[in-house]
Structures are given as structure tokens and as C-alpha cells.
Peer 1: 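Sharing a structure here in C-alpha cells format.
For ligands, and for the atoms within them, numbers begin at 1 and follow the listed sequence. Note: hydrogens, waters and symmetry copies are ignored here, and every other heavy atom, side chains too, is used. When a residue number appears, it is its place in the shown sequence, counting from 1.
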Amino acid sequence: MTLQIKSYSEYKKVYKNSVDNPEKFWAAQARTFTWMKKWDEVVEWDFKKPDVKWFVGGKLNITENCLDRHLKRSGNKTALIWEPNDPSQPYKTYTYNELYEAVCQCANMLKANGIKKGDRVCFYMPMVPELTIGVLACARIGAVHSVVFAGFSATALADRIKDSECKMVICSDYNFRGGKIIPVKEVVDDALKQRCKSVETVIVHQNSGDKVKMKKNRDKWWHDEVPRRRKTCPAVEMDSEDMLFILYTSGSTGKPKGVVHTCGGYMVYTCFTFKNVFQYQKGDVYWCTADIGWITGHSYIIYGPLLAGATTMMFEGVPTYPDAGRFWHICEKHRVNQFYTAPTAIRALMAQGDKWPSHYDLSSIKTLGSVGEPINEEAWNWYNEKIGKGKAPIVDTWWQTETGGIMISPLPGLHKVKPCYAMLPMPGVQPCLVDADGKEIRKKEAEGLLCIKYPWPSMIRTTYGDHERCRQVYFSAFEDKYFTGDGARRDKQGMYRIIGRVDDVINVSGHRIGTAEVENAINEHPQVIESAVVGYPHDIKGQGIYAYVITEGEIADPVAFKKSVHEVVTKVIGPIAKPDKIQIVPGLPKTRSGKIMRRILRKVASGDMDNLGDVSTLLNPQIVDSIKSSKDEAV
Ligand code: WTA
């Protein structure tokens, strides 16, 4: 069984061993899984290229470890609980046996439709059990899943389908979110009109039953295709370093990139961190509220919990439907023991008042988790007092799409937690802080750029189709280090607190959005000449999107203009990237080399205008005053 650390002194011992002798440490963890062939080498790495391989030469199938391995002893244990959007509808459960059969049937459907090992399959679906089943079915036969968050637009979906040349798309007809019903299939149809030549088949899961158009010879219903298949399907032998999935994420420049994760290391690391960070005990019910369209859903709704033989829950809806008590109602209803969510949800629910959690019995909760963005003290305290009743430790887990699993986190119940601190590196993780010159800061109490100086099993292997980009973005800033893009502080005890992104990535409600992407979208508006986008502090979302826009001609009605910009951004990216504020400006502050000086724009957007620093090096210093003075006109 995967090691579960039981005390702080044990953590310290394990951590030291994991750094002194990483290969021995990770080999001991890997040995607890089912391998078709044992690995020859634990790790081979070179951050310069980068070239990282874990459990080299090992053969396995991750679904054998998520499913088959548990059947003998826990086949009748609940693997998955699904809670629908509408609380008056019944919830569903799958035992490990049932999930195994469902995955095998779906895997046989994939094969029957021509999907082979290495082919890419795109998912564009709401949070329904079929999404988990489909993802695991891909892994069963060695197909690569690429899940796209169902809030992205047709154009964004098409970009992702084209980049990874998906052969199949699996979607639903409609998606229920709160009181809304979203035409998912229609978005897929629109996307596929945008030259997605690789797609041969679309499998449509019927979620609502309302009519949708089906294209002959391309579109097939899930209910016609899946249930008639055999309930067993051999697990395909995969190399440790074969691709498991692609997940697109935003960076500072250009289009979103497809982060690639591979089979062996990802399996070992997500299971290990799940068991330790949540201190999951047999019989517990674990609930992560993330969407499977993001990495948190991949690693800590599907893979980590199922690898550990846990009961994991999926929720279709939103925290405020039918009312702001929904999360707490679900916790009471299913006696949830570990609850994992994002600060933005906590802040939104906190704003609705204490009466909501006080209506429900939350006594089952043992551990609370936070992820996706820095948690502010007010939200931390509310979560601790009103949800955890001061008895459930909060694990503020820091990690990224690229890291595959949780990197820095408290271990609940093993030590006192420090509010707003992610605290401890996981065993095997070697973080460091570097200064602007790239020198590692040795002093314990310090602030700097967060890097990782030794590989860990679930780290990014490449960016799909563009390895050079992976090197450039993550491994070129500092020699022999992975650069996270985050800034962090370290206290006297060596505990980490994450400050946030230091690059041009904004974190809106825990969603990563690249400023360049939003700018490109805004620039498609016919009246826009140029734009610059920055983040600014937002009470609920953590960060909001602030856009400075140079327009062609005078804008008579700024509110109508904002609406039209929203339409363009929604079309190009999706509603999550809509700017919260738009300020029309006559120009943008630029350096002599023509680069926009975002530092100034960030400060103005945050209202921190007295302290803009030196602007004399600008090509057009006079523009700064004009931007400052028209700030109040932002809509
Ligand atoms: C931020 C989400 C502070 C950080 C798992 C990181 C956090 C980015 C935390 C990755 C945390 C994530 N405290 N900031 N506990 N967790 N972040 O790829 O800026 O969607 O770089 O992965 O979210 O976002 P991603």
C-alpha cells in the first residue's frame, strides 16, 4: 500500500530520505502498484533539454491500478458518487465493479469506432459520470484524452482539437448549470466547422433529451454505441513514458499550450499525494468540487482517489443553485469527510452570509482543501470557523497543471497549520527561491521566484507538438531548474506562502488566463486598434480582468461598447475571459523597444497610482497622466 505519513516527525524523516535518496524513495512508492513489467531505472533527467523519464522501461496500465486492482477486495465499495445539478433528481453511484464494467464497455466502443493506442480523443462535456468513464476508457486502450472545459467557446475548442489532431470528440447534447441549459452539441458543431479535419466521429451523450442535430456518418449516440459492448476489455500495455493525456493551459504568451503527462510517474505521484494531503481513510467520502476540465479534476477527482481505492464524488452543478447552501447540503447528504474547493467559491459563499452553512450538519468533515489561487485571510478564517468549526485542518495546496499533482501543502492533523501558507514541500519535491539574477536564495526567511530543482514523477514532459516551447517557458529562465511562474515567501521555519503569478498570467476565479490571449480576442473587435490586459484585485474572483483599449474613433456609448467587447471575447475564448473593466485610452505606455510597460498599467488598475515608479524611460511618458486621469471613466 502507498505510504501514508502519520506524524510530523515521520514527515521530516521521510522528506529527508526522499531528498537524500530520491530513487530509493520513489521506487518504494512505485512498488505498491501493479506493473506489467518492472522498470529498469527509476529516473533519468536533464532539465536542459528538458528530458525527464520516470520508471524507465516499466510497463503498466493506469486503469488496472484504478479499477482491476481493487475488484477482489473492494468490488462492491462505492467508487463514484454523482450528484446532479437539480437536487430533486436522484444521485447515482457506481461501485468499483460497476465502474470497471462501464469503463470496459466504453473502451470497447472506442475500439469499435477505430480508436487505437496513441490516438487523441477530445472531451467537451459537463460533469456527468460518462466523462470519468470516457477518460478512463481512453486510458484503458492507450488513447490520449484531451478534456476541454465545457465553458470554452467553439473557436477555443476548435483550436485545441486541431492542435492535438483529435480523431474523436465525446460531448453531451446539453449541459445543465444552475438554472441554465447550455447547448453543448451546438458548440461542437460550430467548432467542427472550423477545419477540424482530424475528427471522424462524434459520440453524443444524451443529458437532457431535447433535440439536437446529428450529422450522418459522423455523429452517434452514446446510448446506441456503449451499452451493447462487452463488459470486459483487456488493459493495453503502456510504457511508463507513453502519453496519458494532454491538457491545455494558458501561459504568458501565445495560444494555450497542451501540457503532456505520461503514465507511470503521474500514477505514482497522484496516488501518493492524494493519500497524504487528504489523509484519506478507508470508508471516507471525498469530494473535490473542481471541474474535470481542469487539472484538479483530472488528478484529484479521477486518478488520485481511484488509484487509492477511495470513494470520490462528482457534482454537476454550481455552488449557488438552487441556493447558496448547495455545497453544504451535499456535504450533509453524503457525509463528506474531505472537501476540496477553490478560494473563489469560498469567498462567493461567504458573501452570502453565515446562515447557509449553519443550516446543515457538517460534522462529517475532517479535512478542508483549497486550491487554484492564493487564499486571503478572511476567506481562510471563514472556511476554518464556519465550515470546519475549527476542527478540520485546511490544506492550502499549491500546484499547477504542469506539476500534475500537489507540490506544497500542509499535512492535515500532523502539525499546526499556518493560515494562508501552503507550508511543506511534499516528499520528493525540492523547491527553492531564486532572486531576479537567478541565484538561489539560501537564507531561510526570504522572498523570491519559486523554482523546483529536482524532477518529480508527475512533472510536465513536453508541450504537445512543440517541445522547444516547453524548454523555453519552464526550463530556460534559470539553469537546471523548473520555473513555476509564481512568487513565494519562506518563513523562518522554512514554510512556504505563495504570493501569486509573476508573469502575464491572470488567475480569475482560480482559472488561468493569459493576458495575451485576451488581448488577441479583444483586438478582433472592429473598433479596437490595440489593447493591453492586466489583472487587478477583485473581492470574489481573486483577480479581475482589466483591459485598456485604444479605439478607432470616439466611442459614444462605453457601456454598449463593453457589451460588444464581451461578445467578441466570449466567441473567441469563452465567458470566463470577459474583462471586468474596460478603460478607453488614447495610447499605451511603451518602452523604447515598443514593449507595453504593464507594471504601470497594473498599478493604475489596482488604484495604486501614487507609486508608479520611474516612467522617464518610456517612449511616451505623458500618456501615463492621461491614463491616470481617465481611470474613473472605466466601465
Ligand atoms: C495558482 C491549479 C496560491 C498559482 C492546480 C499557480 C495557487 C496556478 C495555489 C496554477 C495555492 C494554485 N495558492 N496560488 N494553493 N494553487 N495556485 O495550472 O499561481 O490551473 O501557478 O493549476 O494557480 O493553475 P493551474
Peer 1: Give yes if a backbone or side-chain nitrogen or oxygen of R501 is under 3.5 Å from a nitrogen or oxygen of ligand 1, and no if not.
Peer 2: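 Looking only at distances, the answer is yes, because the N/O contact criterion of under 3.5 Å is met.
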
Peer 1: Heavy-atom distances under 4.0 Å decide this one: backbone, side chain, both or neither, for V505 against ligand 1?
Peer 2: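 Neither part.
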
Peer 1: Are any of the N/O atoms on D486, whether in the backbone or the side chain, positioned under 3.5 angstrom from an N/O atom of ligand 1?
Peer 2: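 Yes, since at least one N or O of D486 sits under 3.5 Å from an N or O of ligand 1.
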
Peer 1: Taking N or O atoms only and a 3.5 Å limit, does G372 qualify as a polar contact for ligand 1?
Peer 2: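 Yes, there is a polar N/O contact under 3.5 Å.
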
Peer 1: Please answer whether the main-chain N or O of D504 pairs with a side-chain N or O of T515 as donor and acceptor at a distance below 3.5 Å.
Peer 2: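 At least one qualifying donor-acceptor pair exists.
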
Peer 1: Taking distance alone, with no angle check, do T484 and ligand 1 share an N/O pair under 3.5 Å?
Peer 2: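 No - when backbone and side-chain N and O of T484 are compared with those of ligand 1, no distance drops under 3.5 Å.
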
Peer 1: Looking at L368, T273, L411, I406, which hits side-chain contact (heavy atoms from CB on, under 4.5 Å) with F278?
Peer 2: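 Result: among L368, T273, L411, I406, I406 is the only option passing the side-chain contact (heavy atoms from CB on, under 4.5 Å) with F278.
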
Peer 1: Is E373 touching ligand 1 with its side chain, its backbone, both, or neither, if touching means heavy atoms under 4.0 Å apart?
Peer 2: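 The part of E373 near ligand 1 is the backbone, not the side chain.
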
Peer 1: Is K12 positioned over the aromatic face of Y15, cation under 6.0 angstrom from the ring centre and no more than 45 degrees off axis?
Peer 2: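 K12 over Y15 ring: no.
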
Peer 1: Looking only at distance, does T296 have an N or O less than 3.5 Å from an N or O of ligand 1?
Peer 2: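 No.
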
Peer 1: Step through it carefully: locate the ring centre of Y286, locate the ring centre of F339, and say whether they are under 6.0 Å apart.
Peer 2: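 Between F339 and Y286, which both carry aromatic rings, the centre distance is not below 6.0 Å.
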
Peer 1: Tell me which protein heavy atom sits closest to atom 18 (O) of ligand 1, plus the residue, atom name and distance to 0.1 Å.
Peer 2: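 The closest heavy atom on the protein side is T401 OG1, 2.5 Å.
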
Peer 1: Fit a plane to each ring of F152 and F149, take the angle between them on a 0 to 90° scale, and name the class: parallel (under 30°), tilted (30 to 60°) or perpendicular (over 60°).
Peer 2: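 Ring orientation of F152 relative to F149: perpendicular.
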
Peer 1: Out of curiosity, is W294 lining ligand 1, as in a heavy atom under 4.0 Å away?
Peer 2: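 No, W294 has no heavy atoms under 4.0 Å from ligand 1.
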
Peer 1: Would you confirm whether D163, through its side chain, and D159, through its main-chain N or O, come within 3.5 Å as a donor-acceptor pair?
Peer 2: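 No, the answer is negative, given that no donor and acceptor are paired below the 3.5 Å cut-off.
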
